[in-house]
Amino acid sequence: MSSWEVFGYDAVKAGARAVVGRLNPVLLHFVENCVGCALCEVNCPYTPAGEEYGPVEKAEPLRKIVRGQVFLSARLLPQLFGAKLPRTAEELDRWAELAYRCTNCGLCYTTCPFGIHSGTMISHLRYFLLMSGRVPTLLKMMMDLEVSGNILSAEAFSRVWSELAEKLKGLGVTFDRKGAKYVYLPSLAEALITPGAIVGTAKILNKLGLDWTMPGKPLSVRAPIAGLVGDSEAVLEVTKRVVDYVAEVGASTVVLSDGGYPYRFFRFDAPALLGKPLGFEVVHIVELLHEALKKGGLNLKETDRKVTWHSPCQLGRMSGFIEEPVEVLSSASKNFVKLESHGLFSKCCGGGNGIACVVPPTLEMFEKLLGTRIPVSEREKAFLDKLYKDILVAGKAKVDEIKKSGAQIVVTACVGCVHTLNMTTKAHGVEVEIKTLPEFIADLLPG
Ligand code: SF4
Ligand code: SF4
């Protein structure tokens, strides 16, 4: 039976205790200091899908958990102090519905005068839900696969990776080469959804003349996927795997082409989780391209096509790379245009934080690839169907901007953004090509 069918109050209480065990001063500030000004509501991509999906409303269950476990008055009178835990499967489902309407885009954090990041609170709420039996089946499958370390255990995944590896060998790529200065770390998700990003990155690294290698097998599904449900134990295990691999090669720099949460995680969160420096630098491919551009070493062939940039929330707003991709793309296209919301408040695609990974079209894609049905209960199916409707609403503002820009190609740098934009532009009838930055730039490298 799918865990989505089960409800156990003991699991709910254990989940609440586990979340409270992670309380720290920053999280307590987020929980305690909201004044209800609603400034964060305006920018949240999910507010158009329903007023109940505003940042404060979605974080409220986490506040209930904390109040009920920490404050004596709320422990004694949970109903009165808004600290009641779910008592039925329906109530638990409602909390899951709220938690899976957050892309962790950081727009609420950027807008809030008190720096409250509802996305962070919602990540903890997802951990509570994981403990209480509410995690989408596909996401759980991928988490288990990643923790197992045997990422290519499915024949279909192994085939996709082998075909890609053959292409890379043709470009002179060496795998697992000790002594290389740079390690490029592509994930299984990139191999499945944006293989062009991997081939493009290989071409760019070769063109830049770097001494680099990459793992012969992916080290993660999408480094580390358990972060999407706040499972820090699983995240730590995958992080150690990556750190050990890089140490074994002896590289000083890790290059990523996925500018979604893997970049932010390895650059900023992983050292804190490990409690020590990683022992290597983490860069995104756009940083290397930008550096080469500034030194006058890119000399790209220019295209006439109208191109725009969709800034992945984790690379732009949350990591500060806002103008670098624009400068690189402006040097590649005479017709580069910025989207209306370019910059710190760039709109989210609507599918981040694992949402696009679990909706029915993705489930069907995996079923086709694996040649088998992924068992999902009726209750979970209803949850996923509604989530898909809402992702299309949440993503519409971005699609409207793209349409208004008149761009023929949208370039971005996150596997989740590519997947989401492919779904949302198609659903809203906007014909546009979606490409990753390395794929786009590699086609314009001088011969
Ligand atoms: S992180 Fe983004 S999606 Fe999540 S609540 Fe904040 S604004 Fe909304
Ligand atoms: S902007 Fe900050 S203080 Fe205002 S409602 Fe949102 S989280 Fe609360």
Side-chain angles (χ1 to χ4, degrees), residues 37-51 53-55 58 101-113 115-119 259-261 263-264 284 286 306-330 333 335-353 355-356 390-437 440:
C37 66
L39 285 173
C40 55
E41 308 269 327
V42 185
N43 284 321
C44 178
Y46 272 86
T47 313
E51 278 176 17
Y53 298 146
K58 288 181 293 196
R101 298 298 184 283
C102 173
T103 60
N104 211 350
C105 67
L107 273 162
C108 52
Y109 168 65
T110 322
T111 326
C112 176
I116 293 173
H117 196 329
S118 296
Y261 77 88
Y263 175 77
R264 195 191 92 178
H284 188 267
V286 75
K306 200 165 188 181
V307 175
T308 193
W309 166 246
H310 162 65
S311 177
C313 300
Q314 306 304 326
L315 186 70
R317 181 167 31 260
M318 301 310 288
S319 301
F321 291 101
I322 288 175
E323 293 310 325
E324 290 83 349
V326 168
E327 287 177 25
V328 171
L329 289 173
S330 300
S333 168
N335 286 313
F336 174 79
V337 280
K338 283 184 186 175
L339 292 177
E340 212 167 74
S341 69
H342 172 79
L344 197 60
F345 295 97
S346 168
K347 289 197 189 318
C348 169
C349 68
N353 211 15
I355 293 178
D390 287 344
I391 196 180
L392 297 182
V393 177
K396 185 160 185 307
K398 188 87 221 186
V399 175
D400 288 347
E401 279 192 355
I402 291 169
K403 189 176 175 185
K404 203 169 163 193
S405 76
Q408 297 162 290
I409 306 176
V410 178
V411 179
T412 188
C414 158
V415 66
C417 293
V418 169
H419 187 50
T420 305
L421 291 172
N422 273 323
M423 282 192 285
T424 53
T425 51
K426 194 171 160 208
H428 291 295
V430 175
E431 273 185 39
V432 68
E433 235 181 293
I434 316 289
K435 281 196 164 187
T436 62
L437 183 80
F440 177 74

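- Proximity of Pro312 to Thr412: side-chain heavy atoms (C-beta onward) are separated by under 4.5 Å at one or more points.
- The shortest heavy-atom contact between Gly352 and Cys349 is N-SG, 4.2 Å.
- Scanning for ring pair (Phe, Tyr, Trp, His ring centres under 6.0 Å) contacts around His117 gives Tyr109, with sequence neighbours left out.
- Residues meeting the salt bridge (charged side-chain N to carboxylate O under 4.0 Å, His left out) test with Lys435, sequence neighbours left out: Glu433, Asp443.
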Show, in sequence, the C-alpha distance, side-chain angles and deciding distance for Val42 and Thr47, and conclude whether the side-chain contact (heavy atoms from CB on, under 4.5 Å) test is met.
CA-CA 7 Å; Val42 185; Thr47 313; over 6 Å; no

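- The SG atom of Cys348 sits 9.5 Å away from atom CG of Asn104, with the distance rounded to the nearest 0.5 Å.
- The nearest pair of heavy atoms linking Thr308 to Ala407 is CG2-CB, 3.6 Å.
- Annotation: side chain of Phe440 is in contact with side chain of Ile409 (closest heavy-atom distance under 4.5 Å).
- Heavy atoms only, all atoms of each residue included: Cys102 and Gly119 are closest at SG-CA, 3.8 Å.
- Atom NZ of Lys404 and atom CG of Asp400 lie 9.5 Å apart (nearest 0.5 Å).
- By the 4.5 Å heavy-atom criterion applied to side chains, Thr436 and Val411 are not counted as neighbours.
- Atom OG of Ser319 and atom OH of Tyr261 lie 14.0 Å apart (nearest 0.5 Å).
- In this structure, Glu323 and His342 have side chains that are in contact, with non-hydrogen atoms separated by less than 4.5 Å.
- By the 4.5 Å heavy-atom criterion applied to side chains, Thr103 and Pro45 are counted as neighbours.
- In this structure, CG on Leu329 lies 12.5 Å from CG on Asn335, to the nearest 0.5 angstrom.
- We find the SG-CD distance between Cys417 and Gln314 to be 9.0 Å, quoted to the nearest 0.5 Å.
- The two residues Leu421 and Ile402 come nearest to each other via the heavy atoms CD2-CD1, 4.0 Å.
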Should Lys58 and Ser118 be marked as a side-chain contact (heavy atoms from CB on, under 4.5 Å) after you check the CA-CA gap, both sets of side-chain angles, and the distance that decides it?
CA-CA 8 Å; Lys58 288 181 293 196; Ser118 296; over 6 Å; no

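- Side-chain N or O atoms of His428 include none that pairs as donor or acceptor with a backbone N or O of Val430 at under 3.5 Å.
- When each of Lys398, Lys347, Glu401 is tested with His310 by the rule side-chain hydrogen bond (donor to acceptor under 3.5 Å, both in side chains), just one qualifies, namely Lys398.
- Taking CH2 of Trp309 as the start and NZ of Lys338 as the end, the distance is 13.0 Å to the nearest 0.5 Å.
- The local environment of CD in Glu340 is sparse, with at most 12 non-hydrogen atoms from other residues, nucleotides or ligands closer than 6.0 Å.
- For the pair Leu315 and Ala413, the tightest heavy-atom approach, listed with the atom from each and the gap, is CD2-CB, 4.3 Å.
- Counting all heavy atoms, side chain and backbone alike, Asp390 lies closest to Tyr46 at O-CE2, 3.8 Å.
- A 4.5 Å side-chain heavy-atom check between Leu39 and Pro113 finds at least one atom pair inside the cut-off.
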